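The shown structure was predicted, so the numbers you read here are calculated from the model rather than taken from an experiment. These numbers come from the heavy atoms of this one structure, side chains and all, not from hydrogens, waters or symmetry mates.
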Amino acid sequence: MDFQLSDDQRALRSGMRDLLGAVFDRDRLRAAVDRDGALDRSLWRELGAAGFFALRLPEEAGGVGLGLPEAVLLFEEAGRALLPGPLVATHLAAGLVKGAAEGEAVVTAVAGELPVAHLAEADAVLLAGAEPLAGEALRAFVAAARPVRSMDPLTPLHSAPADTKRPPAVSVRTRADAERAPAATERTPAHAGRFRFEAALLTAAEQLGSAARTTEAAVQHARERQQFGSPVGSFQAVKHLCADMLARTEPARAAVYAAAVTGDRAEIAAAKLLADEAAVRNARDCLQIHGGMGFTWEADVHLHLKRAWLRAASWLTAAGAEELLAAGLGTAGRLPRSSAAYGRPVPEAGGGG
């Protein structure tokens with residue numbers, strides 16, 4: 001079985017990177033920071049025109065007709081570029097909320113107890129086990145919410161009214177899901193909780209993109225920054241930091257790509273766990289390699305770290321992922337007590353080796 005990206009998938013990823021380089025370069029990133037994360041509606045429409053939100057809708061419904069593996073590639077590029085906005089919720093709302101697929105509507109979501117991102121600018125809100133809020137119901141919802149301080153300057157947050165703070169229900173599905181999904185089983189992405197776990201996987205893809213970008217930024221700075229007449233990258237301690245960043249990023253990449261193919265809940269949990277760790281720890285190491293300038297507002301490193309912290313708490317936390325994986329281990333069969341393949345018995349516990 002070949003898990004390498006196809007030529008079409010590579011072209012899709014390259015095209016999205018080129019698009020984001022043109023419509024959301026560093027100047028636009030900094031402009032978004034200066035306006036406290038307020039969304040650029042023209043950018044949202046450009047993403048819609050490029051098929052970012054309608055990627056998984058069937059072609060007959062006006063979508064691109066691709067799948068979750070391709071969506072992961074696009075969200076990886078979005079994370080790499082620090083693209084702001086409720087990208088995951090709007091993508092999942094395509095075909096469910098009018099205008100979401102085209103980028104004409106901004107859709108956010110209530111995810112358990114967490115604050116809601118970009119609520120003041122949203123045209124609709126996805127709720128657990130209920131129809132999306134829009135119109136008068138949305139205005140009442142926004143009026144009852146209260147703004148809270150966000151660690152990420154690109155992500156304004158609101159605390160949702162208390163009666164909506166419940167985990168996403170397993171019945172929330174997109175129209176694309178309903179039209180394409182196979183029969184629900186424990187090993188298909190149509191099982192209970194699909195909405196929540198797809199959101200977790202797409203968030204993990206954003207984390208992966210951020211982890212890869214901070215690795216590249218750290219390596220570039222280590223090559224260019226001179227200390228004692230040599231690049232700082234020639235010092236062993238810095239080499240180890242850069243190597244550790246890569247060693248976290250690539251296993252996370254393999255886990256995210258594999259989970260996108262299988263859609264399995266346990267694999268998505270593992271992918272989120274690895275991608276969160278890679279994004280947060282890589283941003284920290286990148287900041288350390290940059291030294292004193294890494295702590296300044298003008299550097300972009302802190303933006304990756306703050307966004308990584310925020311995403312790590314979204315949809316599926318480390319504790320939740322660990323619990324899910326542990327539950328899966330509890331249902332696995334017992335391991336054999338000996339292995340003929342290695343030609344020797346496995347010693348009893350406490351029996352020495």
Side-chain angles (χ1 to χ4, degrees), residues 32-33 35-45 47-48 52-54 57 61-62 83-178 192-200 202-203 206 306-307 309-311 313-317 320:
V33 172
R35 60 176 183 266
D36 297 324
L39 288 179
D40 181 349
R41 289 280 181 157
S42 63
L43 172 62
W44 212 250
R45 286 190 288 270
L47 292 173
F52 187 93
F53 302 119
L57 279 181
L83 193 64
L87 300 166
V88 171
T90 304
H91 176 87
L92 293 175
L96 184 65
V97 173
K98 183 178 179 181
E102 298 80 13
E104 295 294 335
V106 174
V107 183
T108 189
V110 175
E113 299 288 334
L114 296 175
V116 184
H118 297 276
L119 179 60
E121 301 169 289
D123 300 301
V125 176
L126 299 180
L127 294 176
E131 291 296 315
L133 289 180
E136 289 297 328
L138 174 61
R139 284 188 281 274
F141 182 86
V142 173
R146 60 180 181 84
V148 295
R149 185 173 182 179
S150 174
M151 69 178 74
D152 178 16
L154 289 166
T155 309
L157 298 174
H158 282 74
S159 177
D163 60 342
T164 62
K165 292 181 179 180
R166 55 186 185 271
V170 299
S171 61
V172 180
R173 301 176 66 192
T174 65
R175 184 180 299 173
D177 295 336
R194 173 168 181 155
F195 178 87
R196 178 191 175 201
F197 282 95
E198 285 193 356
L202 296 176
T203 303
E206 291 182 291
K306 292 168 182 175
R307 186 74 66 84
W309 276 331
L310 208 58
R311 292 195 195 109
S314 300
W315 297 109
L316 187 61
T317 64

Subject >> Close side-chain approach of Pro86 to Val107, heavy-atom, < 4.5 Å >> reply: no
Subject >> Residue pair Pro115 / Val148: nearest heavy atoms and the distance that separates them >> reply: CB-CG2, 4.0 Å
Subject >> Partner set under side chain to side chain contact (heavy atoms under 4.5 Å, CB included) for Pro153, not counting sequence neighbours >> reply: Val33, Trp297, Leu303, Lys306
**OP:** Indicate the atoms forming the closest heavy-atom contact of Leu157 with Ala117, along with that distance.
**Re:** CD2-CA, 3.9 Å
Subject >> Taking every non-hydrogen atom, the tightest pair across Leu92 and Glu198 >> reply: CD2-OE1, 3.7 Å
Subject >> Atom pair CG/OG1 of Leu133 and Thr108 - distance to nearest 0.5 Å >> reply: 11.0 Å
**OP:** Measure the shortest side-chain to side-chain distance between Leu47 and Leu87 over non-hydrogen atoms and say whether it is less than 4.5 angstrom.
**Re:** yes
Original post:
Between the side chain of Thr203 and the main-chain N/O of Ala199, is any donor-acceptor distance below 3.5 Å?
Top reply: yes
Original post:
Closest heavy-atom contact between Ala94 and Ala54?
Top reply: CB-CA, 4.4 Å
**OP:** Just say parallel, tilted or perpendicular for the rings of Trp44 and Phe53, cut-offs at 30° and 60°.
**Re:** tilted
Subject >> NE2 on His158 to OG on Ser150, rounded to 0.5 Å >> reply: 11.0 Å
**OP:** Quick one: closest heavy-atom pair of Ala101 and Gly95, and the distance?
**Re:** CB-N, 4.5 Å
**OP:** Could you grab the distance from atom CG of Leu154 to atom CZ of Arg35, nearest 0.5 Å is fine?
**Re:** 9.0 Å
Subject >> Sub-4.5 Å side-chain heavy-atom contact between Leu43 and Leu83 >> reply: yes
Original post:
From Leu39 CG over to His118 NE2, what is the distance, rounded to the nearest 0.5 angstrom?
Top reply: 5.0 Å
**OP:** Specify the closest pair of heavy atoms between Met151 and Trp309, including all atoms of both residues, with the distance to one decimal.
**Re:** SD-CB, 3.4 Å
Subject >> Residues forming a side chain to side chain contact (heavy atoms under 4.5 Å, CB included) with Ala109, sequence neighbours excluded >> reply: Ala89, Leu126, Trp315
Original post:
About how many Å separate OG of Ser159 and CG of Leu119, when rounded to the nearest 0.5 Å?
Top reply: 10.0 Å
Original post:
Are Glu102 and Arg45 side-chain neighbours, meaning at least one heavy-atom pair lies under 4.5 Å?
Top reply: no
Original post:
Which pairs pass salt bridge (charged side-chain N to carboxylate O under 4.0 Å, His left out) with one or both residues in residues 121-135, sequence neighbours excluded?
Top reply: Arg41-Asp123
**OP:** State the OG1-CD distance between Thr90 and Glu104, to the nearest 0.5 angstrom.
**Re:** 12.0 Å
